[in-house]
Amino acid sequence: MIWLYPDGDTFTVFYVKPDLEGLIEIESLPEGTGILRRSDDGTFYYEPYPEQEVPEVNPDPPIKPEQPELSVEEMQAQILLNTEYLVSRAELGLGGI
């Protein structure tokens, strides 16, 4: 046995009888998938799920951002920073220069 509880325009399905008023008892559910509905003659059926729009795929390749060009001063600062990092690692005995 299966018990159905009206829930708006569809039904909640219970496989164990709950302690609720207004239950509908049926032998089995109809086959299929979708939204459970009840026709005017009292039979149950599944209404297909609404169609979902498939988003359009952009055929263009993604735009790659341009790498910023470093000035001479910025390159010197990076070299100095890297050198200081390697020297400090060597002084701590962690490897480096």
Side-chain angles (χ1 to χ4, degrees):
M1 286 301 201
I2 298 172
W3 294 269
L4 304 176
Y5 183 74
D7 187 13
D9 58 350
T10 187
F11 298 87
T12 303
V13 178
F14 294 97
Y15 294 96
V16 177
K17 187 175 183 178
D19 188 23
L20 295 172
E21 296 289 324
L23 289 173
I24 300 168
E25 187 175 311
I26 59 173
E27 290 291 324
S28 64
L29 290 172
E31 290 195 24
T33 59
I35 302 169
L36 185 61
R37 303 280 192 216
R38 188 177 196 179
S39 63
D40 293 335
D41 65 0
T43 59
F44 291 94
Y45 66 97
Y46 284 108
E47 181 180 291
Y49 291 114
E51 291 288 324
Q52 292 184 351
E53 289 186 30
V54 178
E56 193 174 309
V57 177
N58 185 359
D60 299 331
I63 299 171
K64 293 184 180 177
E66 294 181 18
Q67 294 294 334
E69 291 188 30
L70 298 176
S71 66
V72 173
E73 292 82 12
E74 291 171 324
M75 285 190 253
Q76 288 174 336
Q78 281 187 349
I79 291 170
L80 179 61
L81 183 64
N82 290 339
T83 303
E84 288 176 351
Y85 172 74
L86 292 173
V87 168
S88 64
R89 283 185 57 91
E91 289 174 352
L92 294 170
L94 299 174
I97 298 178

Starting at CD of Glu51, measure out to CD of Glu53 and round the result to the nearest 0.5 Å.
10.5 Å

More than 12 foreign heavy atoms under 6.0 Å from OH of Tyr45: is that the case here?
yes

Do other residues, nucleotides or ligands put more than 12 heavy atoms under 6.0 Å from Asp60 CG?
yes

Closest non-hydrogen contact found for Phe44 with Pro30 is O-CG, 3.7 Å

Is any side-chain heavy atom of Leu80 less than 4.5 Å from a side-chain heavy atom of Gln76?
no

Got a second to check how far Leu86's CG is from Leu81's CG, nearest 0.5 Å?
9.5 Å

Does a side-chain heavy-atom distance below 4.5 Å link Leu20 with Trp3?
no

Is it possible for you to say whether Phe14 and Ile26 belong to one hydrophobic cluster, with membership spreading through side-chain heavy-atom contacts below 4.5 Å?
no

Grab the two heavy atoms, one from Thr43 and one from Asp41, that are nearest each other, plus how far apart they are.
OG1-OD1, 2.8 Å

So, for Pro6 and Gly22, which heavy atoms are closest and what is the spacing to 0.1 Å?
CD-O, 3.4 Å

Single-linkage hydrophobic cluster Leu4~Tyr15, side-chain heavy atoms < 4.5 angstrom
yes

Working to the nearest 0.5 angstrom, can you tell me the gap between Thr10 OG1 and Ile35 CD1?
6.5 Å

Taking all heavy atoms of Lys17 and all of Leu23, pick out the closest pair and write down the distance.
CG-CD1, 4.3 Å

Note, Ser88 side chain near Leu94 side chain (heavy atom, < 4.5 Å)
no

same_hphob_cluster(Val13, Tyr5) at 4.5 Å side-chain heavy-atom cutoff
no

Which pair of heavy atoms, one from Ile24 and one from Arg38, lies closest together, and at what distance?
CD1-NH1, 3.3 Å

Nearest heavy-atom pair of Glu25 and Met1: which atoms, and what distance?
OE2-CE, 3.0 Å

CG of Asp40: more than 12 outside heavy atoms within 6.0 angstrom?
no

Are Ile2 and Phe11 linked, directly or through intermediate hydrophobic residues, by side-chain heavy-atom contacts shorter than 4.5 Å (ILVMFWY only)?
yes

